[in-house]
There are 2 protein chains.
Amino acid sequence: MRNQLLNLGLMEDFLIHMEYEGLTSRLKRLSDALLYSTKDLYKSKGLDIEPNWNLIFRLLQEHQAMTITEMADTLQFSHPAVVKIVKKMKRNGYIATQEDDSDKRKQVLSLTPKAHKHIAVFKPYWEAGTEVTRDILADSPHFMEELARIEEKLNEANYKERTLKKL
Amino acid sequence: MRNQLLNLGLMEDFLIHMEYEGLTSRLKRLSDALLYSTKDLYKSKGLDIEPNWNLIFRLLQEHQAMTITEMADTLQFSHPAVVKIVKKMKRNGYIATQEDDSDKRKQVLSLTPKAHKHIAVFKPYWEAGTEVTRDILADSPHFMEELARIEEKLNEANYKERTLKKL
DNA sequence: CTAAATTAAGTAACTGGTTACGCAAATGTA
DNA sequence: TACATTTGCGTAACCAGTTACTTAATTTAG
């Protein structure tokens with residue numbers, strides 16, 4: 001692919017060429033590439049996990065038990081996103097739910113024994129992935145910090161609000 | 001939402017707390033936020049465009065005429081992604097297609113007169129958006145450059161390949 | 001010159017998010 | 001204490017991408 005582009009003289013990458021106007025699409029393109037590559041990895045290794053499950057596992061390791069809403073708030077995901085992820089993890093036997101007895105609307109989630117056992121198997125893969133992320137960021141030393149600053153700014157006022165103010 | 005988190009003492013943002021392990025999810029979260037906010041903006045202003053259309057408009061302004069495959073290569077998107085975007089833009093009357101007469105498989109795409117006329121209307125919105133991106137990146141001076149470096153590395157070897165090598 | 005391989009582009013099925021909506025439970029208030 | 005509001009969470013419909021497959025046209029090779 002890259003060779004094709006080189007041959008075509010298109011190597012400059014149009015999205016990069018677009019500078020600020022191309023940023024949103026580049027972020028999407030990058031996050032999709034990471035997502036599909038991760039799925040591909042898990043599949044090729046026959047691992048019974050999906051991207052993002054590591055977040056839930058970690059969350060429940062650190063907090064013991066949480067509700068859907070707490071998870072959504074903590075991850076800053078919409079709650080239906082968490083519902084979907086958790087539903088699959090439940091189906092695969094990694095998460096148990098229990099109705100909160102002081103508030104019957106709440107589903108208290110926790111890790112099953114199976115989860116604790118399998119985490120040991122998954123861990124090396126997650127760690128290898130983390131290692132790769134570290135490598136990829138090796139000559140981008142400000143990236144994480146500057147990303148956090150961007151997230152912070154967008155939490156204060158989102159893209160739409162900011163753009164409306166410019167018009 | 002942010003206030004809720006503050007009240008809950010969850011303000012640290014778990015994904016940031018996860019450091020390298022949280023990066024992929026943060027990129028997804030950020031690009032989704034930008035995407036939906038942009039859609040919301042266009043909708044609220046009654047604009048007959050969607051995110052990414054600016055890319056296609058720009059591409060066809062700079063190259064006059066291109067095929068689906070050329071666009072996909074230039075943007076580094078999959079070709080079905082381009083097919084989908086172009087289909088909608090065609091339906092809305094912004095793109096015309098003509099069969100290449102030296103190669104009947106190819107669809108040569110170009111902007112319609114309507115497109116040229118409406119681009120003038122859309123332009124201020126795109127420019128305001130670009131301005132906002134500039135603002136958001138104002139105290140992240142290395143971000144674009146370091147993002148490019150990351151993209152470059154992942155073009156050389158993707159996440160899966162790199163992770164397999166670590167195992 | 002014909003058969004095999006490649007290429008262009010459209011379609012189908014899937015994915016991991018989103019917003020919008022509905023219902024039941026809990027909370028606040030007159 | 002009852003009624004309005006808020007909250008938790010599940011579902012539906014949508015969205016912008018992906019991979020996998022198909023078909024037709026072109027190119028390559030024997």
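Throughout, a chain's letter reflects where its sequence line sits, starting with A, and its residues are numbered from 1. Being a predicted model, the structure only gives us computed values, none of them experimental.
Checked against the 6.0 Å centroid threshold, B:Phe143 and A:Phe143 count as a close aromatic pair.
With B:Leu109 as the fixed residue, the side chain to side chain contact (heavy atoms under 4.5 Å, CB included) test singles out one of B:Glu70, B:Met66, B:Met71, B:Gln64: B:Met71.
When the nearest nucleotides of DNA chain D are assigned to B:Asp100 and A:Tyr36 by heavy-atom distance, the more 5′-ward of the two goes with A:Tyr36.
Residue A:Ser78 has a polar side-chain atom (N or O) positioned under 4.0 Å from OP1 or OP2 of C:dT18. Applying the 4.0 Å criterion to OP1 and OP2 of C:dA9, one finds that B:Thr69 has a side-chain N or O inside that range. Residue A:Lys39 places at least one side-chain N or O under 4.0 Å from the OP1 or OP2 atom of C:dG16.
With rounding to whole Å, B:Lys43 atom NZ is found 6 Å from C:dA20 atom P. Between B:Asp40 atom CG and C:dT18 atom P there is a gap of 14 Å when expressed in whole angstrom units. In this structure, OH of A:Tyr42 is placed 12 Å from P of C:dG16, rounded to the nearest angstrom. For the pair B:His79 NE2 and D:dA24 C1', the interatomic distance rounds to 13 Å; values are reported in whole Å. Distance CD (B:Gln98) to C1' (C:dA9): 17 Å, rounded to an integer number of Å. Distance NZ (A:Lys106) to P (D:dG10): 14 Å, rounded to an integer number of Å. Atom P of nucleotide C:dT18 and atom CG of A:Leu75 are separated by 10 Å, given to the nearest angstrom. Put simply, CD1 on A:Ile85 is 15 Å from P on D:dT11, counting in whole angstrom units.
Comparing atom distances between the B:Val83 side chain and each of D:dT19, D:dA25, C:dT11 picks out C:dT11 as nearest. The B:Lys87 side chain lies nearest to C:dT11 when the options are C:dT11, C:dT15, C:dT18. Between C:dA9, C:dA13, C:dA25, one nucleotide has an atom nearer to the side chain of B:Lys84 than all others, and that is C:dA13. Each of D:dC15, C:dT18, C:dA26 was ranked by its minimum atom distance to the side chain of A:Ala81; first place goes to C:dT18. With distances taken from any side-chain atom of B:Lys104 to the nucleotides D:dC9, C:dA8, D:dT26, the minimum falls on D:dT26. The side chain of B:Arg105 has D:dA25 as its nearest neighbour among C:dT18, D:dC15, D:dA25. Distances from the side chain of A:Ile68 to the nucleotides C:dA20, D:dC9, D:dT18 place D:dC9 closest. Set against C:dG16, C:dA26, C:dT11, the side chain of B:Pro80 has C:dT11 as its closest nucleotide. The nucleotide whose nearest atom lies closest to any side-chain atom of A:Gln107 is, among D:dA16, D:dG10, C:dG16, D:dG10.
Backbone-only engagement by A:Ser102 is indicated by non-hydrogen atom pairs under 4.0 Å involving sugar-phosphate atoms exclusively.
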Going through the distances and angles, do A:Tyr94 and A:Asp48 end up as a side-chain hydrogen bond (donor to acceptor under 3.5 Å, both in side chains)?
CA-CA 10 Å; A:Tyr94 297 116; A:Asp48 185 29; 2.8 Å; yes

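Judged purely by atom type and a 3.5 angstrom limit, B:Ser140 has no side-chain atom pairing as donor or acceptor with the backbone of B:Ile136. Distance alone, capped at 3.5 Å, is enough to place a donor-acceptor pair between the A:Glu161 side chain and the A:Asn158 backbone.
One distance of note links CG of B:Leu55 with CH2 of B:Trp126; it measures 9.5 Å at 0.5 Å rounding. With rounding to the nearest 0.5 Å, the separation of CG in A:Asn92 from NZ in A:Lys88 is 8.5 Å.
Aromatic ring orientation, B:His118 versus B:Phe122: tilted (interplanar angle from 30° to 60°).
For DNA chain C, the neighbouring residues in residues 19-34 of chain B, judged by any heavy atom under 4.0 Å, are B:Lys28, B:Asp32.
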